[in-house]
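Before any comments, here is the structure.
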Amino acid sequence: MRRSRAVRAAALSLGITVALALLKLATWAATGSLAVLSQALDSLVDVVALGLVFFGVRLAEKPADEEHHYGHAKAENLVAFAQTLVLGGLVLWVAGQSVLRLGRGIAPVEAPAYALALLAASGLVDALRARILVAAARREDSDALRAGALNVVTDVATAGVAVVSLAFVRAGAPEADSIGALLVGAGVLYAAVRLGRRSVDVLMDRAPAARREAVARAAAGAAGVQEARRVRVRSAGRQLFADVTVTADRTTTLERAHDIAEAVEREIEREVPGSDVVVHVEPAADSGGLVERAQAAASKVPGTHEVHNVSVHAFADGGRRALHVTLHAKVPAHTSLAEAHVLSEGIERAVADELGGDVRVDSHIEPMAPTALGVDVTGDRRDLVDDVQRIALEEPDVVDCHEVVVTSSSGALAVVAHVRGRGSLPLARIHDASERIEKAVHAAHPEVGDVLIHFEPA
């Protein structure tokens with residue numbers, strides 16, 4: 001729908017330009033004025049240029065296909081570059097004719113009042129065309145329409161120069177015609193150079209600096225991102241394609257990395273709407289403390305599904321610093337002892353290589369627990385629920401215990417308790433309170449297995 005409006009704007013401007021070109025050619029035939037000829041030729045160029053614009057914006061509407069993975073939007077920039085070449089060639093021809101006429105003497109030039117009126121009217125119509133195209137280019141963010149608008153804006157200025165030139169001719173200064181033609185040519189050439197530079201920049205994938213900075217800023221500000229390491233952008237018409245590499249903590253899971261990538265895409269979309277973004281998440285080099293580095297190294301070993309209970313102890317051994325690392329790693333339950341031993345050695349080597357120096361690593365391999373079906377027995381174990389609530393409320397940091405759930409699976413009981421505490425409490429203090437509650441529940445009810453205490457801010 002938006003592109004269809006661009007096509008209509010190009011078609012309207014093209015129709016007006018054809019009518020103007022015909023009127024200017026008729027006026028040149030009657031006057032012999034180079035200034036008028038330059039205006040007529042410029043209008044003919046506009047016919048070609050706006051025809052290309054019309055073709056370009058229609059082609060740019062086509063979606064991506066098997067041969068054009070990034071769409072057809074660069075057709076607009078090809079059109080704009082073609083306009084540059086045509087404009088430049090005609091400017092050189094008009095300039096050459098003007099120089100020859102000045103060198104050989106002034107050829108007779110007619111400057112009737114209707115020619116002046118035509119050029120003045122042409123300038124007004126060009127101003128209307130320019131307004132239509134500028135508004136459409138801004139609304140659709142179309143380089144082809146922007147190029148057409150730039151060309152027409154130049155026409156407004158050059159038409160004014162042509163009017164002044166003929167006015168001087170009528171006043172008895174015939175050389176003003178050739179001088180005016182040179183001035184018109186200079187204006188057209190300036191517009192062509194600006195248009196060409198912009199088109200070449202897009203076709204050569206020159207990164208738009210402002211939009212690249214906006215993408216980098218948005219990526220760096222996304223949740224979970226430690227650094228926006230590399231940002232590459234390129235334009236294709238109004239579409240911006242971005243290739244972004246960000247870093248995250250080395251212990252980040254695949255699922256979390258996916259969430260971070262989506263957060264980056266959302267932030268970039270908010271900053272630069274309509275962008276097509278590809279995000280690559282890399283681990284940050286040497287990030288985190290020893291525990292995080294050990295966990296990340298162990299997690300990279302193939303066959304390892306979860307690494308937890310990582311502890312690192314540093315001590316002096318004969319004047320040198322030594323480390324002792326212990327950790328638990330979960331592997332598939334069907335893993336044999338021999339396979340688990342090989343995996344354990346691989347984990348220990350990976351951690352030692354990561355931390356370097358004098359490191360001893362001891363690992364404990366555990367089977368991953370299969371999904372177990374259970375039943376809710378909360379209503380049948382009110383005694384256990386009451387004891388859990390009482391034990392939880394004995395903790396000074398617990399404000400209330402508002403929910404207790406008891407489940408049974410394969411004859412074993414599990415308890416989940418939701419409690420509230422002050423939001424300003426440090427996590428370490430909450431963890432200690434949770435451990436005391438778990439121990440007290442086990443002491444009062446040895447039949448209970450897992451106990452999970454879920455703290456919430458009051």
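Throughout, residue positions are numbered sequentially from 1 according to the sequence presented. Note: hydrogens, waters and symmetry copies are ignored here, and every other heavy atom, side chains too, is used.
Rounded to the nearest 0.5 Å, atoms OG1 (Thr245) and NE2 (His280) are 5.5 Å apart. Separation of atoms CD1 (Ile365) and NE2 (His341) is listed at 10.5 Å; rounding is to 0.5 Å. The line from NE2 of His334 to CD of Glu339 is 8.0 Å long, rounded to the nearest 0.5 Å. Taken to the nearest 0.5 Å, the CG atom of Asp380 stands 11.5 Å off from the CG atom of Leu384. Ile453 CD1 to Glu395 CD: the interatomic distance, rounded to the nearest 0.5 Å, is 9.5 Å. The structure places CZ of Phe455 at 5.0 Å from CD1 of Ile437, a figure rounded to the nearest 0.5 Å.
Counted within 6.0 Å of CG on Asp450, heavy atoms from surrounding residues, nucleotides or ligands total 12 or fewer; the atom is thus considered open. No more than 12 heavy-atom neighbours from other residues, nucleotides or ligands sit within 6.0 angstrom of NE2 on His258.
At distances below 3.5 Å, not a single donor-acceptor pair connects side-chain atoms of Glu282 with backbone N or O atoms of Ala248. At distances below 3.5 Å, at least one donor-acceptor pair connects side-chain atoms of Thr247 with backbone N or O atoms of Glu227. Although no hydrogens or angles enter the test, the distance criterion places a donor-acceptor pair under 3.5 Å between the side chain of Glu348 and the main chain of Ser363. When atom types are taken as modelled, the side chain of His442 and the backbone of Glu438 share a donor-acceptor pair closer than 3.5 angstrom. With hydrogens and angles ignored, the 3.5 Å screen pairs a side-chain donor or acceptor of Arg212 with a backbone N or O of Val231. In this structure, the side chain of Ser344 does not engage the main chain of Ala340 through any donor-acceptor pair within 3.5 Å.
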Next item on the list: List the steps, then state whether side-chain contact (heavy atoms from CB on, under 4.5 Å) holds for Arg381 with Asp383.
Entry: CA-CA 5 Å; Arg381 292 303 306 265; Asp383 59 321; 3.1 Å; yes
Notebook entry, point to check: Taking it one step at a time, do Val415 and Leu452 satisfy side-chain contact (heavy atoms from CB on, under 4.5 Å)?
Noted result: CA-CA 6 Å; Val415 173; Leu452 188 149; over 6 Å; no
Checklist line | Trace of the side-chain contact (heavy atoms from CB on, under 4.5 Å) decision for Leu323 with Val312 | finding: CA-CA 7 Å; Leu323 297 176; Val312 180; 4.2 Å; yes
Next item on the list: Please lay out, stage by stage, how Ser299 and Thr304 fare under the test side-chain contact (heavy atoms from CB on, under 4.5 Å).
Entry: CA-CA 6 Å; Ser299 299; Thr304 305; 5.5 Å; no
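Val310 is not listed as a side-chain neighbour of His328, based on a closest heavy-atom distance of 4.5 Å or more. Val406 is listed as a side-chain neighbour of Val385, based on a closest heavy-atom distance under 4.5 Å. Cys401 is not listed as a side-chain neighbour of His418, based on a closest heavy-atom distance of 4.5 Å or more. Inter-residue side-chain proximity for Asp387 and His445 is flagged as met; some heavy-atom pair is nearer than 4.5 Å. In this structure, Arg293 and Val291 have side chains that are not in contact, with every pair of non-hydrogen atoms separated by 4.5 Å or more. Side-chain contact between Val215 and Glu271 is absent, with no heavy-atom pair separated by less than 4.5 Å. Annotation: side chain of Leu343 is in contact with side chain of Val301 (closest heavy-atom distance under 4.5 Å). Proximity of Ile347 to Leu327: side-chain heavy atoms (C-beta onward) are separated by under 4.5 Å at one or more points.
With salt bridges taken as basic N to acidic carboxylate O contacts below 4.0 Å, one links Glu394 and Arg390. Between Arg270 and Glu267 there is a salt bridge, since a side-chain N of the basic residue sits under 4.0 Å from a carboxylate O of the acidic one.
Donor-acceptor pairing under 3.5 Å is lacking for the side chains of Asn309 and His364.
Annotation: side-chain hydrogen bond (donor to acceptor under 3.5 Å, both in side chains) contacts of Arg429 (sequence neighbours excluded): Asp397.
Of all the heavy atoms in Ala219 and Val244, the pair that sits closest is CB-CG1, 3.8 Å. Val281 approaches Ala257 most closely through the heavy-atom pair CG2-O, 3.7 Å. Of all heavy-atom pairs spanning Ala228 and Val246, the tightest one is CA-CG1, 4.2 Å. When all heavy atoms of Ala333 and Pro367 are compared, the pair lying nearest together is CA-CB, 3.9 Å. Of all the heavy atoms in Glu354 and Ala297, the pair that sits closest is CB-CB, 3.7 Å. What you find for Val399 and Ala458 is that their closest heavy atoms are CG2-CB, 4.2 Å.
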